[in-house]
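Quick notes on the structure that follows.
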Amino acid sequence: MNEEQRLESQKVENANSSDKKSAKDYSKYFESVVTAPSLKDAKQRGKEEVKYHNDFAIPEEFRGMGNGRKFYIRTYGCQMNEHDTEVMAGIFMALGYEPTDRTEEAHVILLNTCAIRENAENKVFGELGHLKHLKVEKPDLLIGVCGCMSQEESVVNKILKTYNQVDMIFGTHNIHRLPNILKEAYMSKEMVIEVWSKEGDVIENLPKVRRGNIKGWVNIMYGCDKFCTYCIVPYTRGKERSRRKEEIIHEVRQLAAQGYQEITLLGQNVNAYGKDFDDSSYRLGDLMDELRMIDIPRIRFTTSHPRDFDDHLIEVLAKGGNLMNHIHLPVQSGSTEVLKIMARKYTREQYLELVRKIRVAIPDVALTTDIIVGYPNETEEQFEETMSLYQEVGFEAAYTYIYSPREGTPAAKMEDNVPLEVKKERLQRLNALVNESSADALKKYQDQIVEVLVEGASKNNPDVLAGYTNKSKLVNFVGPKTAIGKIVKVKITQTKTWSLNGDMIEEFEPAGVN
Ligand code: SAH
Ligand code: SF4
Ligand code: F3S
């Protein structure tokens, strides 16, 4: 029997077994397989130097593991997760698996999860419930849970107790271990749990299969050290670790050479880029100043924290060219008192001052934001300050959320004392303002000509094309399919609350570097 047949037979055998022991029981036998998460450990910020590795390779023993098998990954949460999914897809393909977009066809299903709010988590538990019948029909199917929820012990315990259909749980720091985890899952009777709470080193050369060939994500840093009191991310993603500039520049150059039209630099707090380098004062402004020289039409970044948004970065962004004039700058609240309890480390006035500086340097900038309503102790007056700040800044769009307590964070220990009805009512009022502001911002485009990077057919109408402007406005328009992947000029004929309609007037080549 060769390795593959052995794995195959064990897989069937194991999947028929329903007596999964708890992680604790199992660790008595095979400690290495069970590494359970700990939010307490995840909170630690060690001083150890981050090591960079360029030597990732799929060991010989795993090659061909996926031959004749298909994988399916469902992604929840932010762009970081989207990009992690591209890396996991790369690993699967390197192992010989093929992708599928149908769960019924898959031999491995992964849920790449998000822990940011309770409803994000509930979606995943709901999906696990739906997947149960597939496991019954196809006992050799492997179901895995990865991403931010895996980093929480409460989630792992709940899965162990209630979701027997899960075969493997692995964390955000264990992605490069996917081949080993899959192998363990095929061979083991037990649920394989491998979640490191302490972040690992930076591994540079993981394989990737990008979802499209027009827009690409490029990580510039991992983790977050801000510890806003409501937020689980610093626990699920570990300490801030910046990638070396050479690696980033190389990756962007490669994408440009492959014909990508737009790249988005990713990090939970991109303007903390470089703060963890002992040996250099190189920051996001410096990086953007180098990247803008690369011949790629559009460069964006997300997400930026107001605290670290320095003057040099503003100065560089003001140079324009391929640096897009849209900045997503989460404010969370317009009340200095609430911001203080959130540990955002800026006041309303400081935020407004930053906006003023950005607008002076980049008059034609579009600003968007994130806002949380119903924070513990948030009063009506404090909420009104958020409403007034929204108008004062003139945001063009926002993601708005009701506060959701996250176990293990400081805010979860505060009394969640704004009644749900009040939270919902505040969210409604805020959303009305957000919609109205967006519609107003879009009205200005009537009869204007905009540049649109065409991504493909519109979601609602296959005969219509869709893409985004420099300022990230969605445009639906009639044009030839040959325009897909190009930047074209569109004349706006109708403006709506969240999108623009128009007609393509001509195709043109991007101007390139200027
Ligand atoms: N790093 C980014 C935010 C990532 S999370 C930043 O600091 O800007 C995306 C958004 O989710 C946050 O901006 C915040 O508005 C929201 N969010 C985070 N934790 C939340 C919680 N516990 N309840 C409700 N919304 C939350
Ligand atoms: Fe969360 Fe704050 Fe870090 Fe953003 S900056 S990821 S909100 S802790
Ligand atoms: Fe969610 Fe994790 Fe991103 S909690 S928002 S997937 S970093």
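Start at 1 and go down the list; that is how both ligands and their atoms are numbered.
A donor and an acceptor atom, one from each side chain of T75 and N112, are nowhere located under 3.5 Å apart.
Annotation: ligand 1 has protein neighbours I116, R117, Y230, Q268, T303, P330, Q332, R344, D370, I372, Y401, I402, Y403, S404, R406, each with a heavy atom less than 4.0 angstrom from the ligand.
Counting only protein atoms, the N, O or S atoms lying less than 2.8 Å from atom 1 (Fe) of ligand 3 are C114 SG, ordered by chain and residue number. Ordered by chain and number, C224 SG make up the set of protein N, O or S atoms under 2.8 Å of atom 3 (Fe) of ligand 2.
Here the side chain of D167 pairs a donor or acceptor atom with the backbone of I143 at under 3.5 angstrom. Side-chain atoms of S197 do not come within 3.5 Å of backbone N or O of L39 as any donor-acceptor pair. Side-chain atoms of T386 come within 3.5 Å of backbone atoms of G334 as a donor-acceptor pair (strictly under, hydrogens ignored).
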Margin query: Using the rule given for side-chain hydrogen bond (donor to acceptor under 3.5 Å, both in side chains), can you reason through T400 versus N431, listing the C-alpha separation, both sets of side-chain angles and the distance that settles it, and then say yes or no?
Written below: CA-CA 7 Å; T400 56; N431 283 348; 2.6 Å; yes

Next item on the list: Carefully, step by step, assess K319 and D289 under the rule side-chain contact (heavy atoms from CB on, under 4.5 Å).
Entry: CA-CA 9 Å; K319 295 180 185 177; D289 211 14; 3.1 Å; yes

Note to self: Pair T172, E199 - check side-chain contact (heavy atoms from CB on, under 4.5 Å), show working.
What the structure shows: CA-CA 8 Å; T172 58; E199 65 287 332; over 6 Å; no

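Between Y375 and Y403, the angle of the ring planes goes over 60°, which puts this pair in the perpendicular group of the 30/60° scheme.
At least one side-chain heavy atom of I232 sits under 4.5 Å from a side-chain heavy atom of E152.
If you run side-chain contact (heavy atoms from CB on, under 4.5 Å) between R344 and each of K226, R307, Q332, only Q332 comes through.
The shortest heavy-atom distance from R344 to ligand 2 is under 4.0 Å.
Distance check: I58 CD1 to L206 CG gives 9.0 Å after rounding to the nearest 0.5 Å.
The pair E86-R211 does not meet the salt-bridge criterion, since no charged nitrogen lies less than 4.0 angstrom from a carboxylate oxygen.
For ligand 3, the atoms closer than 4.0 angstrom to any heavy atom of Q268 are 3 (Fe), 7 (S).
Distance from atom 7 (S) of ligand 2 to its nearest protein heavy atom, with residue and atom name: Y230 OH, 3.3 Å.
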What side-chain donor-acceptor pairs closer than 3.5 Å can you find for residues 212-224, not counting sequence neighbours?
residue	atom	partner	partner atom	Å
K215	NZ	E455	OE2	2.7

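A cation-pi geometry, defined here as NZ or CZ lying under 6.0 Å from the six-membered ring centre and within 45° of its normal, holds between K158 and F125.
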